[in-house]
Amino acid sequence: MARLESLIGLVNRIQRACTVLGDHGGEGLSLWEALPTVAVVGGQSSGKSSVLESVVGRDFLPRGSGIVTRRPLVLQLHQTDEGRAEYGEFLHAPKKKFTDFASVRKEIQDETDRITGKTKHISNIPIHLSIYSPNVVNLTLVDLPGLTKVAVEGQPDTIVEDIENMVRSYVEKPNCIILAISPANQDIATSDAIKLAKEVDPTGERTFGVLTKLDLMDKGTNALDVIEGRSYRLQHPWVGIVNRSQADINKNVDMIAARRKEKEYFETSPEYGHLAHKMGSEYLAKLLSKHLEIVIRQRIPSIIALINKTIDELNAELDRIGRPIGVDSGAQLYTILELCRAFDRVFKEHLDGGRPGGDRIYKVFDHQLPAALKKLPFDRHLSLKNVQKVVTEADGYQPHLIAPEQGYRRLIDGSIVYFKGPAEASVDAVHFVLKELVRKSIAETEELKRFPTLQSDIAAASTEALERFRDESRKTVTRLVEMESSYLTVEFFRKLNLESDKGPNQTGPNADKNSKEPVQNMDRFGDNYLRRIASNVNSYINMVCETLRNSIPKAVVHCQVREAKRSLLNLFYTQIGRQEKERLGAMLDEDPALMEKRTNIAKRLELYKSARDEIDSVAWK
């Protein structure tokens, strides 16, 4: 018996814990549903509430006419040691102990009204009540609204169907034991409870029949045909109950005295005396306990399998959202560094092609930069009018003798300046891509999702580093452009001098071939002469353009992409190494919703592990 009570008490505690943690529904079969419960089913005024009070040994349920039970009442009975005070505790008020059972009744009424209002409507949201007493057996019962046949004034037209659907949702579960309450002073063939039980449990394996109001039957009649299984046979024996009379209720006769009176009734009854040892609320409670022990023992393998499966799922979920963090600064610093490395891996995967995004940098060099170079206004800068203006201004008061070298230099310098725009635009475009990849990498780093503050800190540190890389890259590409102005390619001018020597022969058919200098001076501002200068400068600029088109991407990659891969968070690492514990803790400040989720998962995991260990230790002793 001790083992039985221990096993049932354990299941009861597990069910209580499941209720507190909200683990009593959802996808698949929950642990709550896997554990057996007893659903109390009966028509209105069948005596359901009186049976429950007899089992508990306390007067604590609301009374009245019509539908009194308007929400399911999940009643968990916990047997305590002799001499311990009795009290009730509601899930919605977990820190409040109700030692006055009249206040338990009022709390049930108030909590019912809180959801349904002071109407005759019903709700499928259960009220959870635990009663701790030395006078109860370990048991979980669910008191359901009484089945009815018609809707009365103030009730919705669907009330009959609504109540039946609610009751069915409980009794259809394969682990539910049905306690079918029928009044003895009515024909058993019309019993709503038996009718429903037969539909959901046609073999009767899960159904216990209870006959109430035996003392109210017409004189000269009895319920032996039912109790002895001749009228309607169940696999389990029928149990007769004698509830308190209305006079007893009015006199506030306590339930313990009512139990004694019930026992005396059966022992002295000429009809039921031979069955007295199998009648009454105390016997019913023990019968249910014994059956529960059998059911639990049969269900142990499947319960353990469900527990193991759920433990694996909960562990996987904890791994996904992250385990709890240590409170010491060393553990916090280690966690931050690991999270940063995880982010860094994702960021490098974007750059190296493991994830999308890095190809956008190549598009900057392959499309954006060449397109920008083609749009540079060299045609305007090397127009004949501007060439003449620049060359003339470069000559000053004394015209050039052979080739306008200063004019060439000024035209080339003026052209090269235009390259700064596309060079800096390439730097900025790559900077924008890198910032976007940082943002995407933070979002895609699963380990970081639980730490919004650290996400912001990494984003800020990365942005600061990228801006440093961008500034250095700008300086470098600007130097590349300026270098082209600082030293012109000598071979270009040597070739130019050779072509200049041949120039007079091509100035026109009327030119004096033996008098080069005068012709050249005369044609100094001629269109052909200016066109040749513009063409030469354009050729040189094209050469510079091709050089910069190749060198700018190299400089940008070296200064920005390469540095982002190598040292994006180096400064951040240095800074966090100097942080105080409080600051490190603040960086690991999590989303409250995620913290609550992890706490709930951890509690459920602890519950399931404890349940598995305790079931093993108790069941196989």
Side-chain angles (χ1 to χ4, degrees), residues 4-25 30-40 48-49 51-62 69 71-112 114-115 123-144 170 175-177 179 255-256 281 284-286 288-289 292 296 600 603-604 606-608 610-611 614-615 618:
L4 180 153
E5 291 298 336
S6 179
L7 185 56
I8 296 176
L10 170 62
V11 169
N12 212 13
R13 292 198 305 274
I14 293 172
Q15 287 177 320
R16 171 68 176 171
C18 287
T19 303
V20 171
L21 295 178
D23 187 43
H24 48 79
S30 70
L31 180 55
W32 168 270
E33 292 171 321
L35 298 172
T37 55
V38 180
V40 184
K48 285 191 308 88
S49 296
V51 171
L52 278 174
E53 288 181 333
S54 295
V55 169
V56 174
R58 279 289 187 170
D59 185 355
F60 68 98
L61 292 173
T69 304
R71 289 175 60 183
L73 175 66
V74 179
L75 179 62
Q76 292 180 304
L77 306 180
H78 303 261
Q79 189 178 53
T80 60
D81 296 334
E82 283 293 335
R84 297 288 294 273
E86 295 178 284
Y87 66 93
E89 189 175 87
F90 288 92
L91 180 65
H92 61 267
K95 296 182 180 179
K96 185 176 180 181
K97 291 184 178 181
F98 292 79
T99 55
D100 178 7
F101 281 82
S103 63
V104 171
R105 180 189 300 111
K106 184 177 184 306
E107 185 66 22
I108 293 173
Q109 291 173 328
D110 293 344
E111 181 63 14
T112 299
R114 187 179 67 83
I115 298 296
S123 169
N124 60 1
I125 301 173
I127 298 173
H128 291 270
L129 168 64
S130 290
I131 291 180
Y132 298 82
S133 169
N135 301 316
V136 299
V137 294
N138 290 306
L139 201 59
T140 295
L141 304 124
V142 183
D143 185 21
L144 297 165
Y170 282 86
N175 292 316
C176 178
I177 297 168
L179 197 61
M255 296 305 303
I256 302 301
S281 55
L284 175 63
K286 291 175 182 177
L288 290 174
S289 288
L292 270 177
I296 292 168
N600 188 45
K603 287 180 179 178
R604 290 180 62 201
E606 183 181 353
L607 162 68
Y608 276 73
S610 175
E614 290 194 54
I615 290 174
V618 172

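It should be emphasised that the depicted structure is a prediction, and the values quoted were computed from it without experimental measurement.
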Hey, is the main chain of [Y] close enough, under 3.5 Å, to the side chain of [X] for a donor-acceptor pair?
| X | Y | value |
| --- | --- | --- |
| Gln76 | Ile131 | no |
| Ser610 | Glu606 | no |
| Gln79 | Val136 | yes |

Measure the [atom1]-[atom2] distance between [X] and [Y] for me, rounded to the nearest 0.5 Å.
| X | Y | atom1 | atom2 | value |
| --- | --- | --- | --- | --- |
| Leu288 | Leu179 | CG | CG | 5.5 Å |
| Lys286 | Leu292 | NZ | CG | 15.5 Å |
| Ile177 | Leu139 | CD1 | CG | 8.0 Å |
| Leu75 | Thr37 | CG | OG1 | 12.0 Å |

Using a strict 4.0 Å threshold on nitrogen-to-oxygen distance, state whether [X] and [Y] make a salt bridge.
| X | Y | value |
| --- | --- | --- |
| Arg71 | Glu111 | yes |
| Asp110 | Arg114 | no |
| Arg58 | Glu86 | yes |

- [ ] Would you indicate whether the side-chain heavy atoms of Leu73 and Leu129 approach each other to under 4.5 Å?
- [x] yes
Task: Single hit among Leu141, Leu52, Asn138 for side chain to side chain contact (heavy atoms under 4.5 Å, CB included) with Leu77 - done: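 Testing each of Leu141, Leu52, Asn138 against Leu77, the sole residue satisfying side chain to side chain contact (heavy atoms under 4.5 Å, CB included) is Leu141.
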TODO: For this output row, return yes or no: ring centroids of Tyr87 and Phe101 closer than 6.0 angstrom.
DONE: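 No; Phe101 has its ring centre 6.0 Å or more from that of Tyr87.
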